[in-house]
Amino acid sequence: MEINSRYLLIKRKLFEKVYSSLNDEQRDAVFTVNGPLLILAGAGSGKTTVLVRRIAFIIKYGNAYYSDKVPAGTDEETVKRLEGALMLDASEIEREVLPEFICNPCPPYAVLAITFTNKAAKEIKDRLIAAFDDESVAGDIWAGTFHSICVRILRVYGDRLSYNSNFNIYDTDDSKRAISAAMKTLKIDEKTLPIKSVMNAISRAKDALMTPESFLSENGGDFRLRKIGEVYEEYQKNLRLSNALDFDDIIMQTVRLLRENEDVRRYYQNKFRYVCVDEFQDTNVAQFELTALLSGHHKNIMVVGDDDQSIYKFRGATIENILSFDKTYRDAKIVKLEQNYRSTQNILDAANAVIGKNTNRRGKRLWTSKGEGEKIVLRLCEEQNAESVYMVDKINEAVAASEATYRDFAILYRTNAQSNTIERTFAKSGVPYRMLGGTRFNDRKEIRDIVAYLQLINNHSDAERLLRIINEPKRKIGDKTIEAIRAIASENEVSLFEIIRNADKYAALGRSKDILLGFAELIERLTQILADGCPLDAFVTQVLDMSGYRQMLIDAGEEEKDRLENLEEFISGVIEYQSKTEEPTLGGFLEETMLVSDVDKYDESADACVMMTIHSAKGLEFPIVFLPGMEDGIFPGMQTIMSCSEDEIEEERRLAYVAITRAKKKLYIIHTNNRMLYGRTSHNPISRFVTEIPASLIYRDAPPARRNDGYSSYGSYGSYGQNQHSTVRTYYSDSTANKNRDVLGGVGDKTTIGKTFTTPVKKASAALFAEGDRVSHITFGEGEILSVKPMGADVLYEISFDKVGTKKLMATYAKLKKIN
DNA sequence: CAGCCATATCTTTTT
DNA sequence: GATATGGCTG
């Protein structure tokens, strides 16, 4: 063989040995450095490892592996030496041999890694620090969320879009208030046009990079959409006057900045030699465009994702981004990671079977070297309490047998509504648990208020924050005064604060002018105190004192004690920020407050079961997973079923795939005969996704035999039931044990259960109306019933409304009235 | 302007 | 069934 080929071959072997802890595909992904690269990473396939090691590889070795360059003077002797080096152990090779292959390595500041969540960004940063053993190298790498990276760019170049660099960020709640205000200005009634749908439409428009102008010109024909477009226009105008951006703006305006400013675009395109994007299946149009722009010069864009785990369509993600990546980037290389390091083969087979029913996917098949493992346990319970009790029992059994500890268990549900029953049962049982997704600390009123003060001090133009606190504590500034200020401000196209500061110049503000001037002075004095170098924590205290906010809470006495405590905690947060930040500033603190939620810092060390929605479980793994409520009507939900849209069913199926693949060792699937939902008992059939799992993978855990009441509709495994029954008892320590046990076993005299069981469940509002009837609906107005279809316990009406066209409505939800 | 009662609503959520 | 919001009244 020719000397050059031998050299290249042995070089690659040396790299492969050093990276032998990775599998072939993972290694290929790490070594592929140049050009567009799509990594299709199945659940549990070591995605983050690959991402981090690839970045480290790029910085250490550049294109060393795939480069065909052979150094001048390479001869037989060189090759012999390298062949000899193969005998060395991996760390020796890495230390002594690999450096001679370095080929055009990349400085750390030229690498950009983008994620969706702070948690993911932090994990990548931490692992990079570990990889380099040198914090400064890792620190130079741009690793952050889409939003944090865009804000970083906008703080520098925002002036090109006429944003001041101290712009504020509006979260969903602020933006809701602002949209509501815009609708008021336009005299659009929130009843005819629900604010939620307006918010959603505007948000989707921004995701798709549509300006108010393009939105209006595209949708001018439709009355409803035109109204939404007008709100969008007004809202956007106000954001600008407030020198504020909402979450969607942060991305969209960055794209605009890069598109419209060649020098800025060039600067970042030259800067970022390598762009890496995590969770690519969750990107929307704007984010896709952003990554394309940033990588537009060097074209070294790597994206990792899993089309089968795309579950955020409702917030604008377009699965097409990942499905057609190689159409956008014709020369893209695709690497599939299908080896799973998390679950047993049974669990993977179940997941493969379910997701295999989807058509709109690239196709992957997860496998593991772990072996089959236990079967998936399928359990039918009578109703939702029994379902919860079953989970408690299984957890107690396993813990008592020392097979697991509490933290090994996760309960994943489709909707938060399911969590109530579950939580109640767990609370009674004494099993320690942790529930994710409650109200966040930062969403509390007092925290939002103090943050609003700080935001207003940071950026006097911020209208929403000003309105939030101008009368908090009460300053006798009422609606009329505010309306007057608004009118003047809007007329002059200046900020509200500007008007308030000059309140004495406007006759309309006559009576309130002293109060308004006093408020302006308060804000300006505080601004001065900060400018004079007051440390942040002391400053926040000043704000609380001078504004009278703290006094207001103290005066309220015992009732508001919690709020005072929360404010103390907030100040601790400020102190924490100060100590970890080199140059703490108010702006920096506020940015972190807005862009970093407190959800990701829950205590993982506590030995407790975890409960959360399937959505929030994405990316996590647990030895034992319970999936309660696996019923058609819940999962997939009623809305999805009624939409009759294959796309939406596929999205739900992906969610089912995510749910199944969270489990490492054991998976419990639970469904019930009767379920109380929205105040009604419904009997849902088992989820279609469960029926898609091959029976051979499933063990049906039959409930214990019922008392001789003739209703044992399921095959009764009497002895098993008895057995389990007594096992259960052992672990209950408190007084509620008997009650729980009764529900589970169905042995007791729970009349309610008996009733639901014996009486056929009433058809909700069955056949109240017939085909041809004229009905009226609270939002849709009047219409004619086209068809009546019984569906489970409910009835589906297809109604042709006079004003809004044909809609399908469930009798239970649609409050319909007959008209004669 | 605050507090109370009536009413509507009922996926999924991070930034 | 539970909750959040809104409108109304004192």
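A, B, ... follow the sequence lines: proteins, then strands. Residue 1 opens every chain.
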Enquirer: Is the phosphate of B:dT11, meaning OP1 or OP2, less than 4.0 Å from a side-chain N or O of A:Tyr678?
Expert: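 Affirmative; the distance criterion is met.
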Enquirer: So A:Gln418, base contact, sugar-phosphate only, or nothing? Heavy-atom distance under 4.0 Å.
Expert: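 A:Gln418: no heavy atom of the nucleic acid under 4.0 Å.
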Enquirer: Once you apply a heavy-atom cut-off of 4.0 Å, does A:Tyr312 come out as touching a base, just sugar-phosphate, or nothing?
Expert: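 Contact class for A:Tyr312: sugar-phosphate only.
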Enquirer: Check whether any side-chain N or O of A:Asn471 sits under 4.0 Å from OP1 or OP2 of B:dC1, and answer yes or no.
Expert: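 Affirmative; the distance criterion is met.
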Enquirer: Among residues at least two apart in sequence or on other chains, which ones pass salt bridge (Lys or Arg N to Asp or Glu O under 4.0 Å) with A:Lys476?
Expert: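 Checked A:Lys476 against salt bridge (Lys or Arg N to Asp or Glu O under 4.0 Å); zero matches.
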Enquirer: Quick test of your reading: applying ring pair (Phe, Tyr, Trp, His ring centres under 6.0 Å), list the pairs with at least one residue in residues 178-210 of chain A, sequence neighbours left out, ordered by first then second residue.
Expert: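 Every candidate ring pair (Phe, Tyr, Trp, His ring centres under 6.0 Å) pair involving residues 178-210 of chain A fails, so no pair, neighbours aside, qualifies.
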Enquirer: Considering only atom C1', compute the distance from C:dG6 to B:dT11 and round it to an integer number of Å.
Expert: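 Pairwise C1' distance, C:dG6 against B:dT11, rounds to 24 Å.
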Enquirer: Under 4.0 Å: is that the gap between some side-chain N or O of A:Ser616 and OP1 or OP2 of B:dT13?
Expert: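 Looking at the OP1 and OP2 atoms of B:dT13, one of them is under 4.0 Å from a side-chain N or O of A:Ser616.
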Enquirer: With sequence neighbours left out, what residues match A:Lys125 under salt bridge (Lys or Arg N to Asp or Glu O under 4.0 Å)?
Expert: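 Per chain and number, A:Lys125 pairs via salt bridge (Lys or Arg N to Asp or Glu O under 4.0 Å) with no residue.
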Enquirer: Separation of A:Lys196 atom NZ from B:dT9 atom P, in whole Å?
Expert: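 It is 10 Å, rounded to the nearest whole Å.
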Enquirer: Figure out the CG/P separation between A:Asn416 and B:dT11, and round it to whole Å.
Expert: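 Answer to the nearest Å: 10 Å.
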Enquirer: Could you state the atom-to-atom distance from NZ of A:Lys206 to P of B:dT15 in whole Å?
Expert: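 Taking NZ of A:Lys206 and P of B:dT15, I get 19 Å after rounding.
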Enquirer: Of all the choices, B:dT14, B:dT11, B:dT12, which nucleotide is nearest to the side chain of A:Glu652 once you look at every atom?
Expert: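 Looking only at side-chain atoms, A:Glu652 lies closest to B:dT11.
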Enquirer: Roughly how many Å is it from CZ in A:Arg414 to C1' in B:dT11, rounded to a whole number?
Expert: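 These atoms are roughly 5 Å apart.
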Enquirer: Tell me every residue that passes side-chain hydrogen bond (donor to acceptor under 3.5 Å, both in side chains) with A:Ser203, counting only those two or more places apart in sequence or in another chain.
Expert: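 Per chain and number, A:Ser203 pairs via side-chain hydrogen bond (donor to acceptor under 3.5 Å, both in side chains) with A:Asp248.
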Enquirer: Counting the atoms with a prime plus P, OP1 and OP2 as sugar-phosphate, which does A:Thr640 contact under 4.0 Å by heavy atoms, base, sugar-phosphate, or nothing?
Expert: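 Base: the residue A:Thr640, judged by heavy atoms under 4.0 Å, touches a nucleobase.
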Enquirer: Determine whether any donor atom in the side chain of A:Thr172 lies under 3.5 Å from an acceptor atom in the base of B:dT15, or the reverse, and answer yes or no.
Expert: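 Donor-acceptor pair under 3.5 Å: yes.
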Enquirer: Distance check needed: B:dT15 C1' versus A:Arg152 CZ, whole Å only.
Expert: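 Those two atoms, CZ and C1', are 18 Å apart.
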Enquirer: Return the set of residues passing side-chain hydrogen bond (donor to acceptor under 3.5 Å, both in side chains) with A:Arg204 (not counting sequence neighbours), or none when no residue passes.
Expert: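 Per chain and number, A:Arg204 pairs via side-chain hydrogen bond (donor to acceptor under 3.5 Å, both in side chains) with A:Asn200, A:Asp207.
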Enquirer: Would you indicate, yes or no, if B:dT15 has its OP1 or OP2 atom less than 4.0 angstrom from a side-chain nitrogen or oxygen of A:Asn118?
Expert: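 Answer is yes, contact under 4.0 Å.
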Enquirer: A:Ile311 CD1 to B:dT13 C1': how many Å, rounded?
Expert: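 Taking atom C1' of B:dT13 as the reference, CD1 of A:Ile311 is at 10 Å.
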Enquirer: Does atom CG (A:Asp479) have a neighbourhood of more than 12 heavy atoms from anything else shown, all under 6.0 Å?
Expert: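 12 or below, so no.
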Enquirer: What is the separation between atom CG on A:Leu412 and atom P on B:dT12, rounded to the nearest whole Å?
Expert: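 Whole-Å distance recorded here is 14 Å.
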Enquirer: Select base, sugar-phosphate, or nothing to describe what A:Phe116 touches, counting heavy atoms under 4.0 Å on all strands.
Expert: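 It contacts sugar-phosphate atoms only.
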Enquirer: Name the nucleic acid region contacted by A:Asp171, choosing base, sugar-phosphate or nothing; use a 4.0 angstrom heavy-atom cut-off, strictly under.
Expert: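 Contact class for A:Asp171: none.
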Enquirer: Taking atom C1' in both B:dT14 and C:dT3, what distance in whole Å separates the two?
Expert: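 My reading of the C1' atoms in B:dT14 and C:dT3 gives 24 Å.
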Enquirer: So which nucleotide from B:dT11, B:dT12, B:dT14 ends up closest to the side chain of A:Thr117?
Expert: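 Output: B:dT14.
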Enquirer: Please list, in 5' to 3' order, the outermost nucleotides of DNA chain C lying under 4.0 Å from any heavy atom of chain A.
Expert: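 The footprint of chain A covers C:dG1 to C:dG7.
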Enquirer: For A:Ile649 and B:dT11, give me the distance from atom CD1 to atom C1', rounded to whole Å.
Expert: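 One finds 13 Å between C1' of B:dT11 and CD1 of A:Ile649, rounded.
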Enquirer: Look at the side chain of A:Thr145 and decide which nucleotide, out of B:dT15, B:dT13, B:dT11, has an atom nearest to it.
Expert: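 Of B:dT15, B:dT13, B:dT11, B:dT15 is nearest to the side chain of A:Thr145.
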Enquirer: When you match A:Leu655 and A:Phe146 each to their closest nucleotide on DNA chain B, which lands nearer the 5' end?
Expert: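 Comparing both residues, the 5'-ward one is A:Leu655.
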Enquirer: If we take the P atom in both B:dT13 and C:dA4, what is their distance in whole Å?
Expert: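 Pairwise P distance, B:dT13 against C:dA4, rounds to 16 Å.
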Enquirer: Here's a test of your reading of the structure: between A:Glu651 and A:Asp479, which maps to the more 5' nucleotide of DNA chain B?
Expert: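 First, find each residue's nearest nucleotide; the 5'-ward one identifies A:Asp479.
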Enquirer: Enter the distance from A:Asn459:CG to A:Leu590:CG here, rounded to the nearest 0.5 Å.
Expert: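 Between A:Asn459 CG and A:Leu590 CG, I get 10.0 Å after rounding to 0.5 Å.
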Enquirer: Ignoring hydrogens and geometry beyond distance, is a side-chain donor-acceptor pair present between A:Gln287 and A:Asp282 at under 3.5 Å?
Expert: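 Absent: no donor and acceptor within the cut-off.
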Enquirer: Run A:Glu650 and A:Arg361 through salt bridge (Lys or Arg N to Asp or Glu O under 4.0 Å) and show every step you take.
Expert: CA-CA 10 Å; A:Glu650 292 209 352; A:Arg361 68 188 285 254; over 6 Å; no
